[in-house]
Amino acid sequence: MYGWTGNILRIDLTKKKTVVEQYGTSMASDFLGGRGFAIKILWDELPLGVDPLSPINKLVFAAGPLTGWPLPSSGKLVVAAKSPLTAGYGDGNVGTQAAVQMRRAGYDAIIVDGKAETPTFLLVQDNSTQFLDAKDLWGLSSFETEKKLRSLHGRSSGMLLIGQAGENMVRFANVVCQEGRAGGRPGMGAVMGSKNLKAIVITGSRELPSAHPKEMKELGAEAYKEILSKPSYAFWKRQGTMMTIEWSQENSVLPTYNYREGVFENASEIGGFAMEKIKVSNRGCPQCNMTCGNVVKDSGGGDSELDYENVTMLGSNIGLGDLKEVATLNRMADEFGLDTISLGNVLGFAMEASEKGIIKEKIPWGDFKACQVLVEDITFKRSLGGILANGVRSAAEKIGRGSSRWAMHVKGLEISAYDCHTTPGMALAYATSSIGAHHKDAWIISWEVKTGREGYGVEKVEKVIELQRIRAGIFESLTVCRLPWIEVGFGLEWYPKFLWAATGMEINWETLDTIGDRVFNLIRAFWIREFGEKWSAEMDVPPTRWFEEPTTIGPLKQSKLDRPKYDAMLQTYYEKRGWDMRGIPSMTTFSRLGLADAGKQLGKRIKLST
Ligand code: PTT
Ligand code: SF4
């Protein structure tokens with residue numbers, strides 16, 4: 001096999017055993033890698049109803065056939081498991097040297113199973129895996145942990161680690177590396193913590209197997225050059241994703257005061273131009289010449305890496321208009337290993353609950369000091385923090401008094417940073433995303449705003465599906481960064497060429513689309529298998545707030561979504577996907593995608609349509 005190493009490293013923490021397993025070519029060609037491998041493994045191997053924080057859950061780190069080559073933005077991997085936040089499929093995409101080193105060590109994926117008796121870190125060096133004592137690391141922040149491990153194992157080794165939030169199994173703890181790369185929103189850090197696994201350190205020294213090494217080198221060089229030549233490149237390097245704040249404000253989709261509004265009175269104070277004034281450097285993922293992490297000095301003088309989602313969720317969504325203070329909260333999240341999106345979401349929820357007088361704590365909008373205390377309380381699960389640490393769905397169930405109507409999540413995953421009072425297409429994208437409410441699968445909002453935001457028509461449904469194929473299926477399975485394509489217009493036609501150079505296989509877009517759909521539908525099957533008869537179309541509906549509480553400020557004030565029209569749009573989406581009225585793939589759909597066995601298995605749990 002070229003392109004893929006063909007190897008998976010299995011690590012059993014309970015028995016302190018490792019096995020290197022070869023997988024077949026059909027796994028490679030049917031699922032590509034990354035998210036595709038992760039769902040295939042979790043579907044095949046996880047028993048139904050596993051407690052996500054029990055030793056039986058499996059944590060999968062999977063790269064793709066393009067990972068690690070000198071190709072644009074190819075230094076990423078997917079981390080996946082059954083999610084402790086949603087109880088469904090969960091994953092995230094992390095830019096990390098660990099992706100490159102894992103492949104150089106000879107593995108396309110690592111599966112971590114079981115639970116170590118005491119805090120442990122793993123040292124993977126080519127063929128050797130050591131289970132090492134992490135007692136001295138337990139209790140340290142992700143930054144401190146990385147510093148210590150780097151002093152022992154060198155700057156170039158790859159690292160995946162957790163902060164104190166992961167150790168304490170906060171349900172939206174993520175996996176952190178390189179002081180500002182983080183991934184696995186639906187609690188992948190908590191799964192790592194539940195296994196007593198503080199870190200994985202990886203180094204590899206092997207050549208990656210390429211079908212056409214000379215062409216690979218040439219294509220890579222040409223591709224990097226092409227990115228540099230793009231007109232939007234220079235501005236991207238200045239602001240990265242931060243430029244989206246101005247855009248969201250102008251278009252009334254900037255989440256504000258727990259998604260009550262789409263405009264924020266202090267947006268210019270936290271936007272891309274304000275950020276440029278305090279920016280000190282750029283950081284990024286390996287193999288990337290678009291390095292988009294904006295490093296700024298926070299209010300305490302520390303370095304903090306800002307992106308759109310972080311700043312919006314810890315800024316406008318909680319009414320905080322001081323960018324340096326936002327940066328401090330962001331740095332705390334990175335150090336503790338908390339997902340910034342879910343964090344900003346639960347903070348906004350707590351502030352609203354406080355304002356409404358349904359909790360006793362006083363947490364005024366934009367109160368930086370109160371937020372600092374609450375972030376620590378969440379990390380260490382103290383008082384109200386302990387309730388919020390389980391995520392906004394669970395907090396609303398606990399607090400009650402109608403708060404579920406404005407608990408902003410889908411399927412238990414907190415909504416990321418776009419308000420959807422005026423964008424039904426984006427609401428559908430959130431509602432049908434494969435891990436709960438994340439923008440990564442179908443960022444339709446810019447297209448929607450450009451082409452007409454009012455409609456609930458079939459063209460929007462088709463666009464959501466098209467984007468889900470490309471982004472949720474193909475990019476997540478290749479695991480390469482999608483930002484060169486989206487942000488500077490690097491053409492999609494490059495990717496089949498890269499695949500050919502790596503694997504020797506001529507894989508056209510039609511085949512890639514089918515792989516994208518296969519991965520998406522198997523993830524759907526995983527969710528339905530877990531929920532059984534409890535599954536219904538209600539799982540694919542965004543929060544009540546967007547239907548019932550219109551916005552009150554800005555050019556689009558008095559806007560809200562229309563529930564009957566949304567329901568009709570959802571049914572059109574199901575039809576186009578080949579799913580029944582409950583959103584369950586039919587047997588024909590499973591068979592068309594080569595998933596007949598999965599369909600048969602699911603059919604034992606819940607009745608499928610033909
Ligand atoms: C992603 C989500 C995002 S999406 C952001 S900012 W974004 C938040 N970043 C966090 C952070 O930082 N620290 C922290 N403690 N929590 C954070 N949670 C949030 O996580 C990220 C970039 C970005 S920046 C985006 S859009 C793109 N996402 C990609 C993706 O999902 N797939 C893909 N093939 N390419 C992508 N490229 C871009 O990567 P999750 P990263 Mg990410 C500090 O993790 O779980 O997928 O959620 O990993 O290496 O930091 O790159 O405006
Ligand atoms: Fe990482 Fe940004 Fe480069 Fe994507 S564009 S690979 S997120 S640095």
Side-chain angles (χ1 to χ4, degrees), residues 8-21 38 41-62 77-92 94 98 102 107 109-124 128-140 142 145 149 159-177 183-184 186-202 336-339 379-381 386 389-391 526 530:
I8 292 176
L9 174 64
R10 285 184 180 272
I11 299 176
D12 185 332
L13 285 166
T14 311
K15 296 185 183 143
K16 291 196 179 178
K17 286 238 158 73
T18 62
V19 177
V20 178
E21 202 175 85
I41 291 162
L42 295 175
W43 173 266
D44 285 349
E45 300 184 15
L46 269 197
L48 177 69
V50 160
D51 173 354
L53 296 176
S54 73
I56 301 165
N57 200 2
K58 296 193 182 191
L59 189 60
V60 181
F61 298 91
L77 56 72
V78 164
V79 49
K82 180 174 173 184
S83 160
L85 186 62
T86 67
Y89 172 81
D91 74 13
V94 202
M102 179 173 84
Y107 311 112
I110 295 178
I111 305 174
V112 184
D113 200 353
K115 178 180 178 178
E117 213 171 302
T118 54
T120 296
F121 79 95
L122 295 165
L123 179 62
V124 179
S128 136
T129 301
Q130 296 176 60
F131 297 75
L132 299 172
D133 187 354
K135 275 199 217 90
D136 291 348
L137 301 174
W138 207 253
L140 297 185
S142 70
T145 307
L149 289 173
M159 287 178 198
L160 297 155
L161 23 101
I162 54 170
Q164 299 94 327
E167 293 173 9
N168 295 330
M169 291 177 266
V170 172
R171 285 176 191 256
F172 50 88
N174 55 14
V175 176
V176 188
C177 55
M188 299 303 102
V191 175
M192 204 158 150
S194 74
K195 297 186 174 302
N196 264 334
L197 179 60
K198 181 70 178 175
I200 306 180
V201 181
I202 316 177
F336 289 140
L338 290 161
D339 172 55
T379 302
F380 296 99
K381 295 190 166 172
N390 289 331
F526 184 95
E530 288 297 327

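Numbers here simply count residues along the sequence, with the first being 1.
By the side-chain hydrogen bond (donor to acceptor under 3.5 Å, both in side chains) test, Asp136 is found to be paired with no residue, residues two or more places apart in sequence or in another chain being considered. Every residue meeting the salt bridge (charged side-chain N to carboxylate O under 4.0 Å, His left out) condition with Asp113, not counting sequence neighbours, appears here in chain and number order: Lys58. The ring pair (Phe, Tyr, Trp, His ring centres under 6.0 Å) test applied to Phe380 returns Phe336, not counting sequence neighbours. In this structure Ser83 satisfies the side-chain contact (heavy atoms from CB on, under 4.5 Å) test together with Leu85, Thr86, Pro186, Met188, sequence neighbours excluded. Shown here are the side-chain contact (heavy atoms from CB on, under 4.5 Å) partners of Asp51, two or more places apart in sequence or in another chain: Leu53, Ser54. Applying the side-chain hydrogen bond (donor to acceptor under 3.5 Å, both in side chains) criterion to Asn174, with sequence neighbours excluded, gives no partner residue. The side-chain contact (heavy atoms from CB on, under 4.5 Å) test applied to Ala62 returns Phe37, Val60, Ala109, not counting sequence neighbours. Shown here are the salt bridge (charged side-chain N to carboxylate O under 4.0 Å, His left out) partners of Lys135, two or more places apart in sequence or in another chain: Asp133. Residues that satisfy the side-chain hydrogen bond (donor to acceptor under 3.5 Å, both in side chains) test with Tyr89, not counting sequence neighbours, are Asp91. Contacts of Asn390 classified as side-chain contact (heavy atoms from CB on, under 4.5 Å), with partners at least two apart in sequence or in another chain: Arg171, Ser394.
Note that NZ of Lys198 is 6.0 Å distant from CD of Gln164, once rounded to the nearest 0.5 Å. The distance from atom OG1 of Thr379 to atom CG of Leu338, rounded to the nearest 0.5 Å, is 4.0 Å. With rounding to the nearest 0.5 Å, the separation of CG in Asp12 from NZ in Lys17 is 8.0 Å. In this structure, Leu160 CG and Leu77 CG are separated by 5.5 Å, a value rounded to the nearest 0.5 Å. With rounding to the nearest 0.5 Å, the separation of CG in Leu149 from CG in Leu161 is 6.5 Å. Rounding to the nearest 0.5 Å places OG of Ser194 at 9.5 Å from CG of Leu13.
Among Leu9, Val112, Val94, Ile111, the one residue that satisfies the side-chain contact (heavy atoms from CB on, under 4.5 Å) test with Phe61 is Val112.
Heavy-atom contacts from other residues, nucleotides or ligands closer than 6.0 Å to NZ of Lys381 number more than 12. Sparse packing is recorded around CD of Glu117, with 12 or fewer heavy atoms of other residues, nucleotides or ligands lying under 6.0 Å away.
Among all heavy-atom pairs drawn from Ile110 and Ile202, the shortest one is CD1-CD1, 4.0 Å. The shortest heavy-atom contact between Pro119 and Trp138 is CB-CE3, 3.6 Å. Nearest heavy atoms, Val191 versus Pro84: CG2-CD, 3.7 Å. Shortest non-hydrogen contact noted between Leu59 and Ala81 is CD1-CB, 4.0 Å.
Checking side-chain atoms of Thr18 against main-chain N and O of Arg10 turns up no donor-acceptor pair under 3.5 Å.
Counting only residues at least two apart or in different chains, salt bridge (Lys or Arg N to Asp or Glu O under 4.0 Å) contacts with residues 186-196 are absent. The stretch residues 77-89 participates, sequence neighbours left out, in these salt bridge (Lys or Arg N to Asp or Glu O under 4.0 Å) pairs: Lys82-Glu530.
Looking only at side-chain heavy atoms (C-beta outward), Thr145 and Phe121 stay at 4.5 Å or farther from each other. Inter-residue side-chain proximity for Tyr107 and Ile8 is flagged as unmet; no heavy-atom pair is nearer than 4.5 Å.
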Step by step, work out the side-chain contact (heavy atoms from CB on, under 4.5 Å) result for Thr118 and Asn196. CA-CA 6 Å; Thr118 54; Asn196 264 334; 5.6 Å; no
